[in-house]
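What follows is a short report on a single structure.
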Protein chains: 2
Amino acid sequence: MQTPPMIGKNIQRIRSARKLTLNVLSERSGVSKAMLSQIESDKVNPTVATVWKIARGLNVELNDLLEADDEPKRVFSLNPAAEESSKMEKKQNGITIRILSPLSMVEELEMYLLTFEPHASLESEPHYSGTQEYLTVVKGTVKVTVGDNTAELKRGDFLMYHCDTEHAIRNESAQVAIVHMVVRFSPDRR
Amino acid sequence: MQTPPMIGKNIQRIRSARKLTLNVLSERSGVSKAMLSQIESDKVNPTVATVWKIARGLNVELNDLLEADDEPKRVFSLNPAAEESSKMEKKQNGITIRILSPLSMVEELEMYLLTFEPHASLESEPHYSGTQEYLTVVKGTVKVTVGDNTAELKRGDFLMYHCDTEHAIRNESAQVAIVHMVVRFSPDRR
DNA sequence: AAACAGTGTTCAGTATACTAAACACACAAA
DNA sequence: TTTGTGTGTTTAGTATACTGAACACTGTTT
């Protein structure tokens, strides 16, 4: 980050998105609405404690209020021959699926970037015996259940499992979570 | 984050690691050394602006001072059969390579988590015609050069290229960068 | 129209973040 | 010993973050 954070804009934006009034946010966060108003209009230099309370009140991570909002992610390829690399995005049930791998690899190896809205979950029936999935958490935390095992993963954590048992990925937190997924279709048997 | 950040501890830790005195950090950051001392011993509730200045002085991201230090990442598998999944880690030239994929997949598909210290870079000669690499940035920013194309990637960005030209991944920033890499050995030709 | 209930903003007072300077303690050099 | 140079801490004063209350500006209801 090269430039001081625009906290005001961020709080303002998220508060509007949540459709909260200053009074409500004040109650939830324990910060006076006078202060909220002044912070949003960049009239003051809030303390970390105050911003942290606001983050709690908004159910976001502290960093989400301090970081520039550069979330929209670029996807591209340096190799012209593979430029067909699909930029497709599907959105459903609070989950945005971005397909990273080129179309030519379908049915062999696929890579996705999954964005989970708060409390979104992705449940899968057992399928494709032999297929494996590899998860790496890029942001936030998710809870992954495979059969009757469950694991809580945070950023940087990695998990691999076979898809022949039912499995689910859940974002039980109140923050957005992003996970990188590689699906490998079994090359050997079948 | 459930608990207010322990800014003091973080600053203290990083400053010691950098072997900086309060005077020096004060100069670099523009924050008085009196304030630095009080912040480190949790006697005050600093403003965001102040903490931001300190982050600049320390050459770290603002978030690194506010977040709990839970960086050590877990790697494991829910599938007992694949428990041989190597937890190997190599460290060299400021780059930590964690192998994610199970050993059984070697020579076919490999997955890594690469941690780049500030200014670390990974240069590769052209090799294995047909082999492809897929990068996803998990933290920070890196500059990737393939042949004479160069791209600056930030968190969430994805990039794919063929390995038959020389390529390099560089972390030119002053912060740690983490990238997820999938290497796919060409199945068709060869 | 008046009275109301909701919004966000501005005001006056107080608590405190922040600074410059003085301080205390270490270790080294004379 | 004294004198110095470095460390981090504490002090006193000023700037300002923060609060509760009053305010202004909607739109609705009677």
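In what follows, chains are A, B, ... by sequence order, proteins preceding strands, each numbered from 1.
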Starting from C1' on D:dG6, measure out to NZ on B:Lys19 and report it in whole angstrom. 17 Å
Euclidean distance, atom CG of residue B:Leu20 to atom P of D:dG6 [Å, nearest integer]: 16 Å
Do the non-hydrogen side-chain atoms of B:Leu66 and A:Trp52 ever get within less than 4.5 Å of each other? no
Distance, rounded to the nearest Å, where A:Glu40 contributes CD and D:dC18 contributes P: 14 Å
Rounded to the Å, how far apart are A:Leu25 CG and D:dT19 P? 12 Å
Starting from P on D:dT9, measure out to CG on B:Leu22 and report it in whole angstrom. 6 Å
All pairs passing salt bridge (charged side-chain N to carboxylate O under 4.0 Å, His left out) where residues 41-53 of chain A contributes a residue, at least two apart: none
For the pair A:Phe158 and A:Tyr134, name the ring-plane relationship: parallel under 30°, tilted 30 to 60°, perpendicular over 60°. parallel
Does A:Tyr112 have its ring centroid less than 6.0 Å away from the ring centroid of A:His180? no
So, is B:Arg15 near the phosphate of D:dT7, with a side-chain N or O under 4.0 Å from OP1 or OP2? no
Could you run down nucleotides 16-21 of chain C 5' to 3' and tag each one B, S or - for protein heavy-atom contact under 4.0 Å? -SBBB-
Decide, yes or no, whether a salt bridge links B:Asp64 with B:Arg13 under the criterion of side-chain N to carboxylate O below 4.0 Å. no
Remember a base hit wins even if backbone is also touched, and classify A:Ser37 as base, sugar-phosphate or nothing at under 4.0 Å, heavy atoms. base
Side chain of B:Thr150, backbone of B:Val146: donor and acceptor closer than 3.5 Å? no
Is the shortest side-chain N/O distance from B:Asn23 to OP1 or OP2 of D:dG8 below 4.0 Å? no
